[in-house]
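Just so we're on the same page: letters track the sequence lines, and every chain starts at 1.
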There are 2 protein chains.
Amino acid sequence: MITNKNCIIRLSRYKNSLHRLKTLGFVKVFSDNLADAVGVTSEQVRKDFSLFGITGNKRGGYTVDALTEKLNTILGKDRVQNVIVVGLGNIGTALTKYRGFEKECIKITAAFEADAAKCSRKTAVPILPVEEMPEYIRKNSIKIGIIAVPDVAAQQTADIMIGAGIRGILNFAPISLRCSEDVVINNVNLELELESVIYFVNTMPVTESTASK
Amino acid sequence: MITNKNCIIRLSRYKNSLHRLKTLGFVKVFSDNLADAVGVTSEQVRKDFSLFGITGNKRGGYTVDALTEKLNTILGKDRVQNVIVVGLGNIGTALTKYRGFEKECIKITAAFEADAAKCSRKTAVPILPVEEMPEYIRKNSIKIGIIAVPDVAAQQTADIMIGAGIRGILNFAPISLRCSEDVVINNVNLELELESVIYFVNTMPVTESTASK
DNA sequence: CTTTTCTTGTGATTATTTTCACATTAACAG
DNA sequence: CTGTTAATGTGAAAATAATCACAAGAAAAG
Ligand SMILES: NC(=O)c1ccc[n+]([C@@H]2O[C@H](COP(=O)([O-])OP(=O)(O)OC[C@H]3O[C@@H](n4cnc5c(N)ncnc54)[C@H](O)[C@@H]3O)[C@@H](O)[C@H]2O)c1
Ligand SMILES: NC(=O)c1ccc[n+]([C@@H]2O[C@H](COP(=O)([O-])OP(=O)(O)OC[C@H]3O[C@@H](n4cnc5c(N)ncnc54)[C@H](O)[C@@H]3O)[C@@H](O)[C@H]2O)c1
């Protein structure tokens with residue numbers, strides 16, 4: 001089984017690039033084209049494909065449509081993936097309003113809030129009281145959830161979600177969630193991402209091209 | 001020079017954990033404590049410290065205050081880091097409103113928008129016309145910027161930012177930005193992060209503890 | 001039909017990151 | 001003061017990931 005997250009992320013990027021290449025009129029692509037589009041080497045592209053048994057034509061490259069379909073199947077984009085959001089603050093709202101998920105077969109079916117004043121069943125994505133979450137997860141067999149609650153509430157929220165059947169979590173709270181091995185947790189810590197940029201900028205040697213600016 | 005991003009992210013995590021441990025009354029910590037808090041091994045903690053010349057006491061561990069200070073210095077948290085945001089839509093607004101950056105010495109000093117209707121010099125963080133951005137960057141020696149504009153505008157925005165002196169970018173647009181080697185780009189692609197969770201959930205074998213749910 | 005050209009697919013190699021294993025030493029107990 | 005214990009610090013080893021190098025085969029050219 002492939003456990004390399006970077007590899008999966010690259011597959012997603014290839015898929016996105018393919019989409020752009022198709023709109024440019026490409027019918028076939030070479031590993032070079034994808035490599036350039038994504039910013040990796042062509043060997044990396046072929047190696048990634050090789051891991052998933054994706055084959056092309058010697059000298060003929062890959063058919064855009066066939067490749068797209070294979071990638072979509074691998075990435076679960078052949079069917080709609082239902083996702084819930086917990087915590088309708090700044091981040092939760094941004095995600096819920098974002099229209100870009102639809103075309104990726106990701107559907108935010110409901111949001112859950114502790115603050116009753118923010119709840120409403122009339123919005124495009126219903127905002128429900130967090131107490132209803134476990135039942136909702138069970139009834140709708142939801143497997144993926146996004147945590148956008150304050151850090152102090154995050155672990156408890158995760159426990160409830162997992163208890164109800166959630167198997168994968170995208171977590172925006174700046175803490176390391178603890179859970180059993182069979183649940184996937186992907187932590188997106190924006191402060192850390194920014195801090196890492198800051199570190200590298202402060203550390204990087206000043207070169208000719210940046211010195212005078 | 002350390003180029004391992006994961007290592008820098010771990011340093012940030014250690015720093016955050018230290019803060020929590022201190023509020024719990026810890027004066028000294030062992031590599032074990034930090035390892036547990038962050039979810040890595042204690043060897044990893046010591047190895048990371050070793051790379052930066054951080055030393056503790058045999059049998060005595062590390063003094064919380066001294067360690068915090070060293071980490072803060074390495075991570076550039078000994079002084080305020082000024083950052084700008086470009087694109088005041090869903091994500092840009094969420095980041096600009098977020099109060100958690102302050103305590104991390106990260107200050108969003110201004111936001112820039114193409115839509116004049118969204119601009120205002122009276123908000124807590126001024127929202128300025130994007131035309132003013134290059135001048136602002138130069139005048140205030142801004143080195144770090146966040147891109148939260150639609151994908152089609154992202155590369156152009158990056159070019160303008162870099163041209164004016166920006167050295168590091170946190171990019172939320174779902175495209176691979178191209179730039180010279182001496183600029184740090186950290187791409188946060190939320191769709192990809194979610195897709196990777198979806199992939200692993202769909203792929204992971206169903207175990208005893210998850211089967212019945 | 002034969003040769004040349006171009007691109008895939010992958011084993012081998014190299015590089016990077018993590019883990020192991022243990023020498024070292026400070027603190028403590030007796 | 002001496003032995004024991006519990007931690008650090010770091011080379012060596014292992015695991016993981018990326019790159020290299022090239023055989024193989026399809027398409028195009030001659
Ligand atoms: N906004 C950002 O730019 C940003 C940046 C970095 C990290 N984060 C992190 O992301 C998370 C969300 O940030 P935010 O700015 O959206 O916060 P926020 O305070 O705006 O929103 C949190 C929301 O969660 C709700 N909530 C609280 N407890 C809950 C519970 N138990 N169940 C359901 N809902 C609950 C609150 O009512 C609120 O609406 C936080 O952990 C924050 O640290 C946010
Ligand atoms: N919101 C999300 O949850 C989410 C999720 C995944 C990816 N993204 C990506 O993040 C980026 C921002 O997303 P969003 O939802 O905030 O979009 P949005 O459309 O809400 O906001 C974009 C903002 O940028 C402004 N803008 C456009 N061109 C500009 C320019 N050249 N200079 C300055 N400002 C400009 C627009 O006026 C708008 O206010 C997009 O690239 C999107 O694909 C967002």
Response to the item:
Among C/dT10, C/dA26, C/dT19, the one nearest any side-chain atom of B/Lys47 is C/dT19
Practice prompt. Classify the side chain of A/Arg59 versus the base of D/dA27 as yes if they form a donor-acceptor pair under 3.5 Å and no if they do not.
Written response: yes
Worksheet item: Could you give the CZ-to-P distance, from B/Phe30 to D/dG9, as a whole number of Å?
Response: 12 Å
Worksheet entry | Nearest to side-chain heavy atoms of A/Ser50, which nucleotide of D/dA26, C/dT10, D/dA17 | C/dT10
Fill in: Which nucleotide in D/dT8, C/dT8, D/dA27 has an atom nearest any side-chain atom of A/Ser31
C/dT8
Discussion item. Mind checking if A/Gly60 touches a base, just sugar-phosphate, or nothing, with heavy atoms under 4.0 Å?
Written reply: nothing
Fill in: DNA chain D: 5'-proximal contact among B/Lys58 and A/Gln44 (nearest heavy atom)
B/Lys58
Worksheet item: Rounded to the nearest Å, what distance is computed from the CD1 atom of residue A/Ile8 to the C1' atom of nucleotide D/dA17?
Response: 14 Å
Practice prompt. Rounded to the nearest angstrom, tell me the gap between atom CG in B/Asp48 and atom P in C/dT19.
Written response: 10 Å
Fill in: B/Phe52 CZ - D/dG9 C1' separation (whole Å)
16 Å
Worksheet item: D/dA18 phosphate, OP1 or OP2: any side-chain N/O from A/Asn4 under 4.0 angstrom?
Response: yes
Worksheet item: Going by distance alone, is a donor N or O of one side chain under 3.5 Å from an acceptor N or O of the other, for A/Asp159 and A/Gln155?
Response: yes
Worksheet item: When the distance from CG of B/Leu67 to C1' of D/dG9 is rounded to whole Å, what number comes out?
Response: 15 Å
Item to complete: State whether B/Tyr62 places a side-chain N or O below 4.0 Å from either non-bridging phosphate oxygen (OP1 or OP2) of D/dG9.
Response: yes
Practice prompt. Would you please test B/Lys47 and B/Glu43 for salt bridge (Lys or Arg N to Asp or Glu O under 4.0 Å) and show each step?
Written response: CA-CA 6 Å; B/Lys47 194 73 160 183; B/Glu43 294 91 337; over 6 Å; no
Worksheet item: Across the strands shown, which category fits A/Thr55 at heavy-atom distances under 4.0 angstrom: base, sugar-phosphate, nothing?
Response: sugar-phosphate
Discussion item. What is the separation between atom CZ on A/Phe49 and atom P on C/dT7, rounded to the nearest whole Å?
Written reply: 16 Å
Worksheet item: Do the side chain of B/Asn140 and the main chain of B/Ile137 share a donor and acceptor less than 3.5 angstrom apart?
Response: no
Fill in: Rounded distance in Å - NZ (B/Lys70) to C1' (D/dT8)
13 Å
Worksheet, complete the sentence: Atom CG of A/Leu11 and atom P of D/dA17 are separated, to the nearest Å, by 14 Å
Worksheet item: Which listed nucleotide (D/dG9, C/dT17, C/dT8) is nearest to the side chain of B/Arg46?
Response: D/dG9
Item to complete: Using a heavy-atom cut-off of under 4.0 Å over every strand shown, decide if A/Glu43 touches base, sugar-phosphate, or nothing.
Response: base
Worksheet item: Near B/Lys103 NZ, under 6.0 Å, is it more than 12 heavy atoms from other residues, nucleotides or ligands?
Response: yes
Discussion item. Less than 3.5 Å apart, any donor N or O on the side chain of B/Asn186 or B/Lys5 sitting next to an acceptor on the other?
Written reply: yes
